[in-house]
Amino acid sequence: MEFKDSDKGKQQLQENGEQTNEIERSKIGIIRALLEREDPSAKEVDDLMIRRFLRARDLDIEKASAMLLKYLSWRQDFVPNGLISESEIQNHLAKNILNMQGFDKKGRPILVGFASRHKPSDGTLEDFKRFVVYCLDKICAKMPKGHEKFVYIGDLQGWGYSCSDIRAYLACLSILQDCFPERLGKLYIVHAPKLFMTVWKVVYPFIDDNTKKKIVFVENKNLTSTLLDEIDKSQLPDIYGGKLPLVPIQDC
């Protein structure tokens with residue numbers, strides 16, 4: 001969880017690469033007052049987090065405040081110790097489902113996830129949720145100064161119905177959108193088989209409009225060229241024609 005004192009939060013707003021205008025600053029102050037009145041732990045929430053939730057709700061103070069309060073309550077219940085330990089999710093980590101390596105041309109860290117490495121039989125839905133939270137916490141902790149978002153390459157090579165887990169996909173989407181808003185910078189979906197589109201039609205209605213704008217399906221014939229438009233070859237994972245080997249997220 002991203003807790004810092006308020007002065008540091010304000011300084012971060014000034015130093016962060018994305019500009020905060022006066023309207024946002026004013027609304028951040030209003031939301032902070034609302035939050036602290038409802039939840040004492042909100043005093044430690046930094047201004048960058050408030051801004052992300054505010055932007056996720058199109059600068060609507062009431063909706064952003066409700067979203068943040070719900071998140072704080074969820075966090076206390078789901079991650080009571082402050083973090084998910086690797087011992088809780090060993091089964092998922094052993095499959096190297098999620099990997100990190102390199103940065104795009106905007107300086108955002110790059111993640112690569114292999115959907116075929118997850119099976120519904122790998123564990124309970126709660127186990128998978130813990131794995132997702134562990135990964136997102138790890139990503140956020142590794143975020144370079146001045147950046148808040150990451151780029152995700154969702155690789156569906158080898159994916160089939162035996163890998164399909166709609167409940168897990170929807171759970172991941174909910175955690176990303178409701179608990180880590182404005183963290184996803186771009187999602188490239190690569191090597192998508194035709195079979196996947198059946199599942200996509202089920203998941204798509206649950207994706208909010210802000211997230212939909214960040215999703216790109218990449219054809220195999222254009223894969224390397226499309227990625228190189230946004231990622232320098234020196235930073236691109238080697239499996240896509242770049243120079244960097246992938247590193248499992250637990251080893252980052």
Side-chain angles (χ1 to χ4, degrees), residues 49 51-75 77-78 92 97-98 108 110-137 139-140 148-220 222-223 226-227 230:
M49 178 183 280
R51 186 178 70 176
R52 287 193 296 274
F53 279 77
L54 181 62
R55 288 178 173 178
R57 288 298 176 262
D58 298 321
L59 305 187
D60 185 301
I61 291 174
E62 184 175 348
K63 290 180 179 179
S65 298
M67 185 184 186
L68 240 173
L69 286 169
K70 185 177 180 180
Y71 163 76
L72 291 172
S73 176
W74 166 84
R75 184 88 195 189
D77 290 339
F78 197 76
H92 288 89
I97 297 170
L98 193 65
R108 301 174 296 190
I110 300 165
L111 294 108
V112 179
F114 297 100
S116 66
R117 296 180 184 177
H118 169 77
K119 302 289 192 300
S121 58
D122 288 343
T124 67
L125 183 60
E126 290 304 302
D127 290 337
F128 182 76
K129 288 180 181 178
R130 281 190 282 272
F131 170 68
V132 171
V133 173
Y134 166 88
C135 291
L136 287 169
D137 278 347
I139 295 161
C140 293
E148 299 178 77
K149 299 181 180 182
F150 61 87
V151 173
Y152 187 81
I153 301 174
D155 196 320
L156 298 174
Q157 185 80 49
W159 183 94
Y161 279 135
S162 65
C163 311
S164 180
D165 192 349
I166 292 176
R167 290 197 311 155
Y169 303 154
L170 292 176
C172 180
L173 180 64
S174 176
I175 292 171
L176 179 66
Q177 293 183 158
D178 299 337
C179 304
F180 294 83
E182 293 299 302
R183 282 301 197 178
L184 178 66
K186 200 158 194 174
L187 166 59
Y188 295 99
I189 299 178
V190 305
H191 297 141
K194 290 182 180 180
L195 285 173
F196 177 73
M197 299 316 295
T198 302
V199 172
W200 183 249
K201 289 177 182 178
V202 177
V203 174
Y204 189 76
F206 294 92
I207 305 174
D208 66 37
D209 290 339
N210 287 335
T211 303
K212 286 176 181 176
K213 297 173 185 176
K214 302 171 184 177
I215 301 172
V216 179
F217 275 85
V218 184
E219 294 183 19
N220 289 345
N222 300 324
L223 177 54
T226 299
L227 294 177
E230 303 287 342

### Query
For atom OH of Tyr204, is the number of surrounding heavy atoms from other residues, nucleotides or ligands below 6.0 Å larger than 12?
no
### Query
Quick one: does Val133's side chain get under 4.5 Å of Arg75's, heavy atoms only?
yes
## Note on the structure
When every non-hydrogen atom of Val218 is compared with those of Leu223, the smallest separation belongs to CG1-CA, 3.6 Å
### Minimum-distance pair of heavy atoms, taken over all atoms of Ala56 and Glu182
N-CG, 4.1 Å
### Side-chain donor or acceptor of Asp60 paired with backbone N/O of Glu62 under 3.5 Å
yes
### Message
Tell me the closest heavy-atom pair linking Val199 and Ser164, and the distance in Å.
### Response
CG2-OG, 3.5 Å
### Message
For Phe206, I'd like to know if atom CZ has over 12 heavy atoms of other residues, nucleotides or ligands within 6.0 Å.
### Response
no
### Task
For the pair Gln177 (side chain) and Thr211 (backbone), establish whether a donor and an acceptor sit closer than 3.5 Å, ignoring hydrogens and angles.
no
### Task
Taking the side chain as every heavy atom from C-beta outward, state whether Asp165 and Asp122 have any atom pair closer than 4.5 Å.
no
### Query
Rounded to the nearest 0.5 Å, what separation is found between the CG atom of Asp155 and the CD1 atom of Ile97?
13.0 Å
### Query
Taking the inter-plane angle between the rings of Trp74 and Phe180 on a 0 to 90° scale, is it parallel (under 30°), tilted (30 to 60°) or perpendicular (over 60°)?
perpendicular
### Task
Kindly compute the distance separating NE2 (His118) from OG (Ser162), expressed to the nearest 0.5 Å.
11.0 Å
## Note on the structure
All heavy atoms of Ala171 vs all of Lys129, minimum pair found to be CB-CE, 3.9 Å
### Rounded distance (nearest 0.5 Å) linking atom CD1 of Ile207 with atom NZ of Lys212
7.0 Å
#### Entry: Arg108 versus Phe150, closest heavy-atom pair with distance
CB-CA, 4.3 Å
### Task
Would you sort out whether Thr226 and Val190 count as a side-chain contact (heavy atoms from CB on, under 4.5 Å), showing the intermediate values?
CA-CA 11 Å; Thr226 299; Val190 305; over 6 Å; no
### Query
Atom CG of Leu156 and atom CG of Leu195: how far apart are they, to the nearest 0.5 Å?
11.0 Å
### Query
Does NZ in Lys201 sit with more than 12 non-hydrogen atoms of other residues, nucleotides or ligands closer than 6.0 Å?
no
### Task
Kindly give the heavy-atom pair with the smallest separation between Cys179 and Phe53, and that separation in Å.
O-CZ, 3.9 Å
### Message
Can you confirm whether Lys119 is buried at NZ, in the sense that more than 12 heavy atoms of other residues, nucleotides or ligands lie under 6.0 Å from that atom?
### Response
yes
### Message
Can you confirm whether Tyr152 sits close enough to Ile139 that some side-chain heavy atom of one is under 4.5 Å from a side-chain heavy atom of the other?
### Response
no
### Side chains of Tyr134 and His92 in contact at under 4.5 Å (non-hydrogen atoms)
no
### From CD1 (Ile110) to NZ (Lys186), nearest 0.5 Å
12.0 Å
### Summary
CG of Asp178 to CG of Leu68, rounded to nearest 0.5 Å, is 11.5 Å
### Query
Can you find a pair of side-chain heavy atoms, one from Trp200 and one from Ile189, that are under 4.5 Å apart?
yes
